[in-house]
There are 2 protein chains.
Amino acid sequence: MPGRVDHLKSISRERRVRLTGVSRGATRSGKEAGPRADTRPGAQRAGAAVATTIHDVARAAGVSPATVSRVFNGGRVTAERAERVRTAATELGFAPNRVARSLRTQRASVIGLLIPDIENPFFTAMARGVEDAAQQTNLSVVLCNTDEDVAKERRYLEIALAEQMAGVIVAAASRSRTDLSALESRKMPVVAVDRRPRGSTVDVVLVDNAHGAEEATWHLFERGYRRLACLTGPEGASTSEERLAGYRTAVRDFVRENPTETRAAEALREERIRYADFRVEGGHRAMRELLALPEPPDAVFAANNLMAVGALQALAEAGLAAPGFGVLSFGEIPWAPLVRPSLSTVRLPSYDLGFTAATLLQERISGGERPLQTVVLRTELHARESTAGPGA
Amino acid sequence: MPGRVDHLKSISRERRVRLTGVSRGATRSGKEAGPRADTRPGAQRAGAAVATTIHDVARAAGVSPATVSRVFNGGRVTAERAERVRTAATELGFAPNRVARSLRTQRASVIGLLIPDIENPFFTAMARGVEDAAQQTNLSVVLCNTDEDVAKERRYLEIALAEQMAGVIVAAASRSRTDLSALESRKMPVVAVDRRPRGSTVDVVLVDNAHGAEEATWHLFERGYRRLACLTGPEGASTSEERLAGYRTAVRDFVRENPTETRAAEALREERIRYADFRVEGGHRAMRELLALPEPPDAVFAANNLMAVGALQALAEAGLAAPGFGVLSFGEIPWAPLVRPSLSTVRLPSYDLGFTAATLLQERISGGERPLQTVVLRTELHARESTAGPGA
DNA sequence: ATGAAAGCGCTAACAA
DNA sequence: TTGTTAGCGCTTTCAT
């Protein structure tokens with residue numbers, strides 16, 4: 001039976017495919033009659049991967065496919081056979097096909113992480129947190145960059161669903177237009193992070209933006225600045241609004257507690273509050289507008305790191321510099337200590353945001369039926385030179 | 001037959017599963033005898049996704065599953081039926097199960113991108129390039145952060161293989177220890193980027209490190225610095241070695257062309273060349289050592305951006321500043337213009353690296369049988385204030 | 001143009 | 001403990 005011997009040794013798909021009709025027919029009892037139609041997938045495409053299957057290993061080790069499966073999944077197999085299977089597997093370079101496994105078990109060991117801007121250090125730090133947490137349960141993380149684009153985000157959400165991922169962590173591209181309903185109706189575990197998508201019932205992990213902004217603004221007053229301005233993000237973005245709210249709260253509190261500081265309240269005026277786009281260029285433009293006011297401010301609270309960078313540029317161009325002009329950034333910048341003068345910042349718990357989100361997600365994946373949760377993490381004020389005070 | 005009517009309307013897996021034995025038995029001819037063993041996957045796990053299948057849609061639209069498949073894959077179907085299928089699909093919220101499709105067709109529409117450090121702007125820019133190129137062929141990109149860790153990298157490579165991804169782009173965690181042979185033997189399309197893994201036969205896209213470093217070093221001489229030092233990466237890393245080689249070439253050339261500059265050759269001395277780890281902290285330490293030399297240098301060529309940042313810190317601590325002390329960074333820093341004095345850099349073609357790699361990969365995936373290719377992309381010198389010259 | 005049926009590689013229920 | 005078998009959801013051939 002030379003054909004059969006040849007087949008026993010075959011590893012590559014090319015050869016197996018040609019022989020399948022024979023081998024399967026010979027192996028499976030009760031199906032001697034050839035198949036009515038040949039429905040095998042087409043011939044091996046160029047550039048496609050070729051894999052050894054559980055059947056190849058079984059044959060090589062002289063056991064059944066089920067036994068091979070058990071060896072790889074912690075089933076009960078005698079040591080001797082298990083060993084034989086493992087050797088055969090190594091020899092043939094076998095790795096279980098996760099696609100088949102997922103299809104069969106209806107679950108995957110991959111979670112998706114959707115972030116709006118892969119070049120923003122805030123999100124990359126978050127990604128590390130997610131990864132570290134996921135590692136503990138042997139889940140792998142795949143990162144998808146949605147680029148603040150709701151359409152791109154939708155595509156990735158569809159992929160997550162279609163790929164049957166174990167769950168998804170999403171930093172929404174838009175609070176109102178990000179739509180998680182498809183995932184929810186399919187009962188895919190989801191955790192929203194940094195931004196709470198409107199109208200969705202998922203666990204959420206947030207930054208305490210309002211409190212952080214309040215603390216930051218208060219710090220500017222304490223250091224002696226009196227004519228504050230605020231550079232916030234796009235109107236409608238929750239982070240923008242919350243940070244602005246914190247700014248306002250601090251101003252109001254300061255005015256109430258210091259009735260003699262009559263001009264402090266001007267920080268609430270419309271012209272002192274600029275909505276920009278969370279990007280360097282936007283911060284730059286908005287800062288220029290602030291400086292062009294008849295009564296320009298003496299300090300600025302920038303609601304994110306990139307806009308703070310833009311603001312610094314505008315200041316430098318205008319011949320102004322911190323700390324004479326106070327600058328405080330909401331969100332760390334990696335080389336903050338290098339910028340001269342060094343930049344005071346509100347440090348966001350980006351890593352912990354990711355870590356917490358992944359932990360929640362894993363609870364959901366493993367079937368925790370607890371009620372929906374919202375976790376809010378605190379920020380940390382790092383006062384550096386740029387807010388040393390107008391006289392410093 | 002009320003049970004059957006009920007079943008026709010059923011959408012959710014929970015209900016279908018319970019009825020499967022009946023429905024399948026009734027639907028499939030010649031299998032009236034009940035199955036010998038019930039081997040259906042276990043009941044719906046908590047926290048797992050629930051999906052509508054092609055069968056649900058088929059039933060709802062009154063067609064066969066094959067027709068539904070054809071509607072979603074551009075097969076020939078009459079307009080009227082196609083329309084019916086599409087409505088039913090939308091109504092049921094159907095999305096094709098990619099896992100099943102992959103299993104059947106033996107190919108996926110996802111490519112993996114493995115990068116060693118997601119927090120390094122160089123790699124994130126590269127990722128964008130990959131994404132933009134992939135978009136053109138409707139491939140999705142999933143990012144895996146290997147964290148410069150060969151073990152982690154191996155895990156992700158196994159996943160790529162096991163998940164039957166269409167291909168992989170890998171910026172190797174180690175030149176010598178990264179092992180692509182498993183992918184190669186399975187004929188999975190692979191493109192290496194930024195670093196050429198030893199002993200693997202794959203397409204490679206590289207930066208012209210030697211040339212860029214040579215140009216940068218030459219620039220330092222031209223600006224009047226004479227006592228150069230080099231801060232390079234880990235020994236054995238190809239990028240480190242190539243950049244160092246470029247540095248050496250430039251020094252030798254300069255010495256040859258300027259025989260009177262007797263001290264320039266000292267730039268080749270062992271104590272002027274420091275191997276660090278491509279990280280901020282390593283650059284910082286190495287720079288301190290350089291400054292502690294009996295005859296310290298007057299300019300430094302840092303072989304990557306993070307080490308340049310560390311070097312700047314060390315300089316500041318020592319009361320030194322550019323351009324009196326020349327600093328040139330191989331690799332852009334996002335806020336380079338903000339750092340005072342602004343930092344001269346060699347801009348790496350990171351985006352194009354990714355774009356090119358993805359383009360090559362797609363050719364391989366679609367079956368291009370062309371010979372192996374190595375593409376080398378050029379750098380660009382951006383002279384700014386930090387290399388204005390020792391007297392500037 | 002349409003449907004029936006087989007099978008991608010795996011896991012799990014059951015029988016032995 | 002081991003093997004047999006069905007089937008996860010899809011695509012694709014063949015027959016109609």
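- In this structure, of D:dT2, C:dG9, C:dG3, it is C:dG9 that holds the atom nearest to the side chain of A:Asn97.
- At distances below 3.5 Å, not a single donor-acceptor pair connects side-chain atoms of B:Asn73 with backbone N or O atoms of B:Gly75.
- Atom NE2 in A:His55 sits roughly 11 Å away from atom C1' in C:dC8 (whole-Å rounding).
- In this entry the distance linking CD of B:Gln164 with C1' of C:dC10 reads 11 Å, nearest Å.
- Contacts of B:Ser69 with the nucleic acid, taken as non-hydrogen atoms under 4.0 Å apart, include base atoms.
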Worksheet item: Are A:Thr146 and A:Ile115 close enough, and set up right, to give a side-chain contact (heavy atoms from CB on, under 4.5 Å), and what steps lead you there?
Response: CA-CA 6 Å; A:Thr146 62; A:Ile115 57 177; 6.0 Å; no

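- With C:dC10, C:dC8, D:dG3 as the candidates, the nucleotide lying closest to the side chain of A:Thr67 is D:dG3.
- Each of B:Pro96 and A:Ser64 was matched to the nucleotide of DNA chain D holding its nearest heavy atom; the match closer to the 5' end belongs to A:Ser64.
- No side-chain donor from either of B:Thr87 and B:Thr90 sits under 3.5 Å from a side-chain acceptor of the other.
- Base engagement by B:Arg70 is indicated by at least one non-hydrogen atom pair under 4.0 Å involving a base atom.
- Across all strands, B:Phe72 comes closer than 4.0 Å to no nucleic acid atom at all (heavy-atom distances).
- Residue A:Arg107 has its side chain nearest to C:dA12 when only C:dG3, D:dC10, C:dA12 are considered.
- Here the side chain of B:Thr105 is nearest to one of D:dT11, D:dT1, C:dA1, namely D:dT11.
- For A:Arg84 (side chain) and A:Ala61 (main-chain N/O), a donor-acceptor pair under 3.5 Å exists by modelled atom type.
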